[in-house]
> 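Pasting a structure below so you can have a look.
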Amino acid sequence: MISFYGGLTASIVVLTLFIGVGSHAARPAALDEALRAHGVLGPRLHRFAAAVVPFVEGALGVGGAAALLTGHQRGLQAVLALGTALFGLYAGYTRHVLALGRGGPCGCSHQDVPLSRWVTRRAVALAGLALAGAALAGVGPVQLSAAELVTLLLAAPACAVLLWSLPAAMHEPARAAVHQPTETTVHRTAEGVSTRWTSPPAL
């Protein structure tokens, strides 16, 4: 079963990378707008990151898919190790933005999904999956029976889509309270961010 779980974790990571690339391609300006709204990186640095991140995701996705299809063990380990670093970096970045009390879109979707703790948790989960996949790939090449292959082909896309959709699914925007016809209260979370871009605190 080590081969099956190794293939499953690797497939989820690779598919998630492709989903990320597809989201950035659907709305190319989304990541740049998000990084600008976060207000953490300088203008040049956030433009550089907005251009490089989708390219890195695409390169790792293609490399991971090729390694899986050809059974290239070391190549798969390298891709998953880099994926661990990429997702870990994103988790740290989003955690830092939230700790500063700043909001904005997550920049990981063509829709306006707000930055929240669920975005950070998804990145941590993906980093963990990539790390586990790299460790399992080191045990041996992915060799699956017909039944395991069918199960993997069904399970990996479902898990990747569910994991990717987690922040949007957990977002429940609070309604602004209106005390007087001419006065609208804009609620802010404990992090000081308007509820337009935040979800309720995740316990």
Side-chain angles (χ1 to χ4, degrees), residues 12-13 16-17 19-58 60 82-131 159-203:
I12 292 172
V13 171
T16 302
L17 289 168
I19 293 174
V21 172
S23 295
H24 293 314
R27 188 180 169 192
L31 182 57
D32 181 69
E33 292 171 358
L35 294 174
R36 188 186 306 116
H38 299 162
V40 173
L41 304 178
R44 291 184 180 179
L45 191 54
H46 87 243
R47 283 195 296 268
F48 174 78
V52 168
V53 168
F55 174 79
V56 172
E57 288 177 337
L60 290 178
L82 291 172
T84 302
L86 178 64
F87 290 124
L89 183 63
Y90 185 58
Y93 170 80
T94 56
R95 180 68 186 89
H96 178 63
V97 173
L98 291 173
L100 292 175
R102 299 177 182 178
C106 70
C108 53
S109 173
H110 64 280
Q111 299 175 338
D112 286 335
V113 177
L115 188 64
S116 70
R117 290 185 180 93
W118 290 105
V119 176
T120 302
R121 291 175 178 179
R122 179 185 62 185
V124 170
L126 288 168
L129 285 171
L131 183 61
C159 291
V161 170
L162 288 172
L163 192 55
W164 183 263
S165 305
L166 181 63
M170 297 304 295
H171 175 55
E172 299 175 4
R175 295 180 180 178
V178 180
H179 299 295
Q180 297 179 5
T182 57
E183 244 179 66
T184 301
T185 301
V186 178
H187 291 286
R188 293 182 178 273
T189 65
E191 293 159 344
V193 183
S194 169
T195 52
R196 165 173 162 74
W197 289 120
T198 57
S199 296
L203 301 177

> Please find the pair of heavy atoms, one from Gly58 and one from Val21, that lie closest to each other, and give the distance.
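In this case the closest contact between Gly58 and Val21 is N-CG2, 3.3 Å.
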
> Give a yes or no on whether the backbone of Leu166 and the side-chain of Arg122 come within a donor-acceptor separation of less than 3.5 Å.
no

> What residues form a side chain to side chain contact (heavy atoms under 4.5 Å, CB included) with Leu82, not counting sequence neighbours?
Leu60

> Mind listing the closest non-hydrogen atom pair of Pro105 and Ala34 along with its distance?
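Taking Pro105 first and Ala34 second, the nearest heavy atoms are O-CB, 3.4 Å.
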
> Heavy atoms only: give me the nearest Thr84-Leu131 pair and the separation to one decimal.
OG1-N, 3.1 Å

> With heavy-atom distances below 4.5 Å as the criterion, would you say the side chains of Val119 and Leu98 are in contact?
no

> Work out which heavy atom in Ala49 is nearest to a heavy atom in Pro54; give both atom names and the distance.
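What the structure gives for the nearest pair is O-CD, 4.2 Å.
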
> Can you find a heavy atom in the side chain of Tyr90 that is under 4.5 Å from one in the side chain of Cys106?
yes

> With sequence neighbours left out, write down each residue that passes side chain to side chain contact (heavy atoms under 4.5 Å, CB included) with Ala50, or none if nothing qualifies.
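If we apply the side chain to side chain contact (heavy atoms under 4.5 Å, CB included) test to Ala50, skipping adjacent residues, the hits are Leu31, Asp32, Leu35.
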
> Please report the closest heavy-atom contact between Val40 and His96, naming both atoms and the distance.
CG1-CD2, 3.9 Å

> Could you grab the distance from atom CZ of Arg95 to atom CG of Leu100, nearest 0.5 Å is fine?
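So the CZ of Arg95 and the CG of Leu100 are separated by 9.5 Å.
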
> Under the 3.5 angstrom rule, does the side chain of Thr94 hit a backbone N or O of Ala91 as a donor-acceptor pair?
yes

> Taking only residues two or more places apart in sequence, or in another chain, which ones meet Tyr93 in a side chain to side chain donor-acceptor pair (under 3.5 Å)?
His38

> Any idea which heavy atoms bring Gly83 and Ala130 closest together, and the distance?
C-CB, 4.1 Å

> State, yes or no, whether a side-chain contact exists between Phe87 and Leu17 at a heavy-atom distance under 4.5 Å.
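Yes, close enough: below the 4.5 Å cut-off.
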
> For the CG atom of Leu41 and the CZ atom of Arg47, what is their distance to the nearest 0.5 Å?
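One gets 11.5 Å once the value is rounded to the nearest 0.5 Å.
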
